[in-house]
Amino acid sequence: MGGPDRTGCRHLLLLILVSVSRVCADKTPPELPPQDSWGDLWLVRFFLNIAGYGTILLPGYLLIHYFKRKNYLETGRGLCYPVVKSCVFGHESKSSAPEETAAAPRVEGDPSTTQQALKLLFCAAGLQVSYLTWGVLQERVMTRTYGSEEGGPGERFRDSQFLVFMNRILALTVAGLYCSVTKQPRHGAPMYKYSFASLSNILSSWCQYEALKFISFPTQVLAKASKVIPVMLMGKLVSHKSYEYWEYLTAVLISVGVSMFLLSNGGGDRPWGVTTFSGVVILAGYIVFDSFTSNWQDSLFKYKMSSVQMMFGVNLFSCLFTVGSLLEQGALLEDIHFMNRHPDFAFHAALLSVCSAFGQLFIFYTINKFGAAIFTIIMTLRQALAILLSCLLYGHPVTAVGGVGVAIVFLALFLRVYARGRMRKKVRKTADTPVVQKV
């Protein structure tokens, strides 16, 4: 039984490695992002950011360890006691089972078909407008210069961490306002536990922005769409999980489609059409950090909390980490001066943050009203439209073979959604079937 599974995993891994090695073996693009000093190298910036976060994490860890060792929950008192209790100990224990309210669609009486259709149209339009605009602006900010229309060579914005900070501070504001005007469950999780998901979320977002300096936006979208492949490989090799036949089929289709796209576009003479080794490494970092974020957030939902409370807690620590790191590196003032020199960049960065924050609210609302399956279909369509829009606006060359590869990837994603829905229906019917006991 283990032979075919192991062979299938090896074939998937071989396809990916062949694609990456072919792309990375191509000639170096004629125009890579200019590096003025060693401090502009992405690996150096990555470790500088990590060091900045460490100056906040290490004292926090020591304080938490101290309060727990001193049994402050029983012996503490005074003005600081409520703050320490909320941050270190929380207000209530975990529930026996994870809350399912966020994952299952809410049923409100018997709404008419027209009302449901209008709500679905509203959710789909909100998600598409928010994230398509976000994708276009993300590529504009990270790959184009500012000020060149004034006659000079122009400047390129390089600090991905500042964009992460702007996104998080607006998302924190939106989540805080939403929690203050709507009824939320009593918060019980220790606040420090949000810091783990926050750190991985910051790093995944940083990798997402930074990767655009080395790879094209369509390549990035396809890489994010194919996250199922490393997830299945890790599940098989580490957790010894077994998968259905349709999961292997769709994983093979995704790997074939991605391979076709990369191989057909790896030799373009335009610099933005070439995938570099740095881009592959950064994308791998994005996938790893993003996978950790989702798994850690799943564990946090064992406490009684809403999705917006989760959004507030994660973004609170994200703001703390990023602003601390920016101040320590002296980058915050430089980025503000860049905004003053280029008002169009300030507008783009602000609109980018608005789309990101309200896009998260549309995600929560759509899943709450229609369930995860409908949300997945909408977001899969969004990924396909994002690739098309990027190619139209920024002139990315896509060959016929590459286009077929993109189509195969999204066909496989829709097949996964359909097959998963059929499996859930079978499980539900089995659970609803009455069991007749013989006397």
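Note that the numbering runs from 1 along the sequence shown for the chain. Since the structure is predicted, the reported quantities are computational estimates derived from the model, not experimental observations.
Note: Phe292 CZ to Gln297 CD = 10.0 Å, rounded to the nearest 0.5 Å. Taken to the nearest 0.5 Å, the OG atom of Ser160 stands 8.5 Å off from the OH atom of Tyr209. Here the CZ atom belonging to Phe89 is positioned 9.5 Å from the CD1 atom belonging to Ile64, to the nearest 0.5 angstrom. To the nearest 0.5 angstrom, Leu253 atom CG is 10.5 Å from Arg416 atom CZ. Distance check: Gln184 CD to Phe312 CZ gives 11.0 Å after rounding to the nearest 0.5 Å. The distance from the CD1 atom of Ile336 to the CG atom of Leu332 is 4.0 Å, given to the nearest 0.5 Å.
Scanning for side chain to side chain contact (heavy atoms under 4.5 Å, CB included) contacts around Glu244 gives Trp246, Glu247, Met423, with sequence neighbours left out. Applying the salt bridge (Lys or Arg N to Asp or Glu O under 4.0 Å) test to Asp335 and every residue at least two apart in sequence or in another chain returns nothing. Evaluation of the side chain to side chain contact (heavy atoms under 4.5 Å, CB included) rule for Ala171 yields Met311, Asn315, Ala357, Gln360 as partners, not counting sequence neighbours. The ring-ring contact (aromatic ring centres under 6.0 Å, His included) test applied to Phe345 returns Tyr146, Phe157, Phe338, not counting sequence neighbours.
Under a 3.5 Å cut-off, the side chain of Ser325 and the backbone N or O of Phe321 do not form any donor-acceptor pair. Side-chain atoms of Thr366 never come within 3.5 Å of backbone atoms of Phe375 as a donor-acceptor pair (strictly under, hydrogens ignored). Under the 3.5 Å distance criterion, the side-chain polar atoms of Ser200 are matched with a main-chain donor or acceptor of Ala197. Ser204 places a side-chain N or O within 3.5 Å of a backbone atom of Asn201 that can act as its donor or acceptor partner. A donor-acceptor contact shorter than 3.5 Å is absent between the side chain of Ser356 and the backbone of Leu352. Side-chain atoms of Arg140 come within 3.5 Å of backbone atoms of Thr145 as a donor-acceptor pair (strictly under, hydrogens ignored). The closest donor-acceptor contact from the side chain of Gln309 to the backbone of Pro185 lies under 3.5 Å.
In this structure, Leu62 and Tyr66 have side chains that are not in contact, with every pair of non-hydrogen atoms separated by 4.5 Å or more. With contacts defined as side-chain heavy-atom distances shorter than 4.5 Å, the pair Phe46/Trp206 qualifies. Counting only heavy atoms from C-beta outward, the side chains of Met142 and Lys213 approach each other to under 4.5 Å. Looking only at side-chain heavy atoms (C-beta outward), Phe289 and Ser205 stay at 4.5 Å or farther from each other. Between Leu137 and Thr133, the closest side-chain pair of non-hydrogen atoms falls below 4.5 Å. A 4.5 Å side-chain heavy-atom check between Ile378 and Leu120 finds at least one atom pair inside the cut-off. Two residues are said to be in side-chain contact when any heavy atoms from C-beta on lie closer than 4.5 Å; Leu43 and Phe47 meet this criterion. Contact annotation: the side chain of Ile363 approaches that of Tyr131 to within less than 4.5 Å [non-hydrogen atoms, C-beta and beyond].
Residues in residues 69-81 take part in no side chain to side chain donor-acceptor pair (under 3.5 Å) pair, two or more places apart or across chains. Screening residues 53-64 for side chain to side chain donor-acceptor pair (under 3.5 Å), with sequence neighbours left out, gives Tyr53-Gln161, Thr55-Glu328.
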Fill in: Residue pair Leu300, Trp296: steps toward the side chain to side chain contact (heavy atoms under 4.5 Å, CB included) verdict
CA-CA 6 Å; Leu300 279 181; Trp296 189 267; 3.9 Å; yes
Worksheet item: For Glu139 and Gln220, what are the C-alpha separation, side-chain angles and deciding distance, and is it a side chain to side chain contact (heavy atoms under 4.5 Å, CB included)?
Response: CA-CA 11 Å; Glu139 187 169 9; Gln220 186 195 73; over 6 Å; no
Practice prompt. Go through Leu413 and Thr250 one step at a time and tell me if the side chain to side chain contact (heavy atoms under 4.5 Å, CB included) criterion holds.
Written response: CA-CA 7 Å; Leu413 292 175; Thr250 54; over 6 Å; no
Worksheet item: Would Phe162 and Met339 count as a side chain to side chain contact (heavy atoms under 4.5 Å, CB included) if you check the C-alpha gap in whole Å, the side-chain angles of each, and the deciding distance to 0.1 Å?
Response: CA-CA 11 Å; Phe162 181 73; Met339 294 179 73; 3.5 Å; yes
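The shortest non-hydrogen separation linking Ser318 to Ile202 is CA-CD1, 3.6 Å. Shortest non-hydrogen contact noted between Gly285 and Cys207 is C-SG, 4.1 Å. Of all heavy-atom pairs between Val308 and Cys179, the closest is CG1-SG, 3.6 Å. Nearest heavy atoms, Gln116 versus Phe370: O-CZ, 3.7 Å. Summarising the geometry of Pro190 relative to Val88, their closest heavy-atom pair is CB-O, 3.5 Å, with the distance given to 0.1 Å. Taking each heavy atom of Pro59 and Gly54 in turn, the nearest pair found is CD-O, 4.0 Å.
Summarising the local packing, CZ of Phe67 is surrounded by more than 12 heavy atoms from other residues, nucleotides or ligands at distances under 6.0 Å.
Using bins of under 30°, 30° to 60° and over 60° for the plane-to-plane angle, the ring pair Phe214/Trp42 lands in the perpendicular bin.
Screening Leu203, Asp159, Thr322, Ile169 against Val164 for a side chain to side chain contact (heavy atoms under 4.5 Å, CB included) leaves a single residue, Thr322. With respect to Arg382, the side chain to side chain contact (heavy atoms under 4.5 Å, CB included) criterion is satisfied by exactly one of Leu132, Ile387, Val221: Leu132.
Between Tyr192 and Phe317, the distance from one ring center to the other does not fall under 6.0 angstrom.
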